[in-house]
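These notes are about the structure you will find just below.
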Amino acid sequence: MLRFTTAGESHGPSLVAILEGMPAGVPLLAATVDAQLHRRQQGYGRGRRMQIERDAVSFTGGVRAGETTGAPIAMLVQNRDWKNWEDVMDPAPRADDAEAGRRRVLTRVRPGHADLTGLLKYDRTDARDILERASARETTMRVACGAVARAMLAEFGVSIGSHLVHLGGIDAAPPAAWPADLAAAADASPVRTLDADAEARMIAAIDAAKREGNTLGGVCEVVATGLPVGLGSHVSWDRKLDGRIGQAMLSIPAVKGVEIGLGFAAARVPGSAVHDAMHPDPGAPRTGGVRRESNRAGGLEGGITTGEPLVVRVAMKPIATLMRPLATVDVATGAAADAAAERSDVTAVPAMGVIAEAMLALVLAQAWLEKFGGDSLDEVRRNHDAYLSHVAGRVGA
């Protein structure tokens, strides 16, 4: 069972992750993970924090001589900004805490954030105990774990990329065809879109929102290619791959919606415009010797991959921290107040696409190992190759 957990706070000394269940023998270098961490830090509209941090991973377990060993993989990323927050985030009690309290106590909770709900749930008096963990800084380690999952999937020809299709009211025109390397093509744009005209208008919208002290949301499309038919299952609710993908995407901070294939548009048209007609195709082992005329299903039918590209769209709301704050309540006094204004981005939608890629990689790697599991990469490969050989001749047999 592939699983991961993360720990650490936005301005704490470091972030950590443990990824368990990765088979032995997967080629893995720190540079492979660092490349994904770098991608997460990019994007027009990011805040000053991304100028401070230079995220780089250290393996502290589970990797030796450039390969996974089968043991839990432990990873650490240092927070460079910790030196500016040590007195605020020090885990140990301080002599002056009782009298003066710590710097940057937050009681003017921000609408749209976890500040108030978390403070009430965990019975805290300072919302910093909540926001430091609720911060999207935590996704650094999701991307690190996702990079390991991608490394394994890449051994089987699976590729995952994303591009921005909407930002702040501006739609990007869909490409005639996805580039061979979708991630690299999108990364060439400061807002990670494939539409140059929309890119210019999106940048102007970000600039305008910054001047207004406002924030913008948007939608990214994530695509995985090279998958075989048969990942996931129809037999139980928690094994359906579309449900697992939805949970993973909605766990990303500020994500409020997920679509697969046609998504919500499928509810507005008749079935003849939704479902994908099929024809025999003996030369397509990944799809079980079947060709679909279209991919409106987005690569999933009945909670199981079809072998067609897996297409997921992820919607992110505008970031909750506004430089011109909304009205709120000061929980220390009960009085009306303006919300606190923590340092933040104008938009993080381009980075969200990279995080969504990582989460999709983790879900797919987990389903992959459920289907083709083994203790070593070679064992997984043997199981995978035998399965493809079998399904290639199933239709018409």
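Only heavy atoms go into these numbers, but all of them, side chains included; no hydrogens, no water, no symmetry mates.
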Output for pair (Ile203 CD1, Ile170 CD1), nearest 0.5 Å, gives 10.0 Å
Is there a side-chain contact between Thr6 and Thr139 in this structure, where contact means two heavy atoms from C-beta onward sitting under 4.5 Å apart? no
_Minimum side-chain heavy-atom gap Glu357-Cys220 below 4.5 Å_ = no
Rounded to the nearest 0.5 Å, the CD1 atom of Ile245 sits from the CD1 atom of Ile260 at a distance of 4.5 Å
Sequence neighbours excluded, the answer for side-chain hydrogen bond (donor to acceptor under 3.5 Å, both in side chains) partners of Asp197 is Arg201
Using side-chain heavy atoms (C-beta onward) and a distance below 4.5 Å, is Asp281 in contact with Thr287? no
### Message
Before you tell me yes or no, could you show the steps for Phe372 and Phe156 under side chain to side chain contact (heavy atoms under 4.5 Å, CB included), namely the whole-Å CA-CA distance, both residues' side-chain angles and the distance that decides it to 0.1 Å?
### Response
CA-CA 12 Å; Phe372 309 119; Phe156 300 92; over 6 Å; no
Hey, is the main chain of Val57 close enough, under 3.5 Å, to the side chain of Asp34 for a donor-acceptor pair?
-> yes
**Check ion pair Glu370-Arg239 (N to O, under 4.0 angstrom)** = no
Query - Common cluster, Leu369/Phe4, ILVMFWY with side-chain heavy-atom separation under 4.5 Å - result: yes
Taken to the nearest 0.5 Å, the spacing of His234 NE2 from Lys240 NZ works out to 7.5 Å
- Message: Closer than 4.0 angstrom, basic N to acidic O: yes or no for Glu9 and Arg133?
- Response: no
Output for pair (Met1 CE, Gln366 CD), nearest 0.5 Å, gives 4.0 Å
Ala147 and Gln36 have their tightest heavy-atom pair at CB-CG, 3.8 Å
All heavy atoms of Ala339 vs all of Pro325, minimum pair found to be O-CB, 3.1 Å
Nearest heavy-atom approach of Leu364 to Ala224 is CD1-CB, 3.8 Å
- Query: Between Ser159 and Leu182, is a side chain to side chain contact (heavy atoms under 4.5 Å, CB included) present by the stated rule, with each step listed?
  - Reply: CA-CA 9 Å; Ser159 177; Leu182 175 57; over 6 Å; no
His166 meets the ring-ring contact (aromatic ring centres under 6.0 Å, His included) criterion, sequence neighbours left out, with none
Is Val148 close to Met75 at the side-chain level, that is, under 4.5 Å between some pair of heavy atoms?
-> yes
Here the gap from Glu379 atom CD to His384 atom NE2, rounded to the nearest 0.5 Å, amounts to 14.5 Å
So CG of Leu19 and CE of Met141: to nearest 0.5 Å the spacing works out to 10.5 Å
Which is it for Asp126 and Arg102 under the side chain to side chain contact (heavy atoms under 4.5 Å, CB included) test, yes or no, and what are the steps along the way? CA-CA 10 Å; Asp126 180 358; Arg102 294 201 174 180; 5.8 Å; no
Requested in this report: Answer yes if Val223 and Leu153 sit in the same cluster of Ile, Leu, Val, Met, Phe, Trp and Tyr residues linked by side chain heavy atoms under 4.5 Å apart, and no otherwise.
Outcome: no
Applying the 4.5 Å side-chain criterion to the ILVMFWY set and letting contacts propagate, would Leu106 and Val329 be lumped into a single cluster? no
**Message:** Pairing donors with acceptors under 3.5 angstrom, does anything connect the side chains of Thr321 and Arg110?
**Reply:** yes
Give every donor-acceptor pair under 3.5 Å between a side-chain atom in residues 297-312 and any protein atom, sequence neighbours left out.
from	atom 1	to	atom 2	distance (Å)
Glu301	OE1	Arg292	NH2	3.2
Thr305	OG1	Pro228	O	2.7
Thr305	OG1	Gly230	N	3.2
Thr305	OG1	Leu231	N	2.8
Thr306	OG1	Glu308	N	3.1

ring-ring contact (aromatic ring centres under 6.0 Å, His included) filter on Phe59, not counting sequence neighbours, yields none
Q. Are any of the side-chain heavy atoms of Met22 and Leu2 separated by less than 4.5 Å?
A. yes
Requested in this report: Assess whether salt bridge (Lys or Arg N to Asp or Glu O under 4.0 Å) is satisfied between Arg124 and Glu132, documenting all intermediate values.
Outcome: CA-CA 13 Å; Arg124 311 309 295 163; Glu132 286 286 337; over 6 Å; no
Compile the donor-acceptor pairs under 3.5 Å between side chains in residues 205-216 and protein atoms, sequence neighbours left out, one pair per line.
from	atom 1	to	atom 2	distance (Å)
Asp207	OD1	Tyr44	OH	2.5
Asp207	OD2	Tyr44	OH	3.3
Thr215	OG1	Ile319	O	2.9

Is the side chain of Thr69 donor-acceptor paired with the backbone N or O of Ala24 at a distance under 3.5 Å, no angle test? no
Taking the side chain as C-beta and beyond, is there a heavy-atom pair between Val391 and Leu388 under 4.5 Å?
-> yes
Note: Ser272 and Arg296 closest approach over all heavy atoms is O-NH1, 3.3 Å
Consider only side-chain heavy atoms of I, L, V, M, F, W and Y, link residues closer than 4.5 Å, and tell whether Leu194 and Met352 are in one cluster.
no
When every non-hydrogen atom of Gln41 is compared with those of Asp55, the smallest separation belongs to OE1-N, 3.3 Å
Is there a donor-acceptor pair closer than 3.5 Å between any side-chain N or O of Asp330 and the backbone N or O of Ala335? no
Given the options His163, Gln42, Arg39, Asp187 meets side-chain hydrogen bond (donor to acceptor under 3.5 Å, both in side chains) only with Arg39
*asked:* Classify the ring geometry of Trp85 against His11: parallel below 30°, tilted from 30° to 60°, perpendicular beyond 60°.
replied: parallel
Practice task
Look at Asp87 together with Arg103 and state whether they make a salt bridge at an N to O cut-off of under 4.0 Å.
Solution key: yes
inquiry  = For a side chain to side chain contact (heavy atoms under 4.5 Å, CB included) check, start with the C-alpha distance between Leu227 and Trp368, then their side-chain angles and the critical distance, and finish with the verdict.
reply    = CA-CA 9 Å; Leu227 298 171; Trp368 194 281; 4.3 Å; yes
Open item on the list: Other residues, nucleotides and ligands only: do more than 12 of their heavy atoms fall within 6.0 Å of NZ on Lys83?
Closed with: yes
Residue set satisfying side chain to side chain contact (heavy atoms under 4.5 Å, CB included) with Leu76, at least two apart, ordered chain then number -> Ser14, Val16, Gln78
Same cluster for Val290 and Val274 if Ile/Leu/Val/Met/Phe/Trp/Tyr side chains link at under 4.5 Å? no
(request) For Thr193 and Leu164, indicate whether the former's side chain and the latter's backbone hold a donor-acceptor pair under 3.5 Å. (result) yes
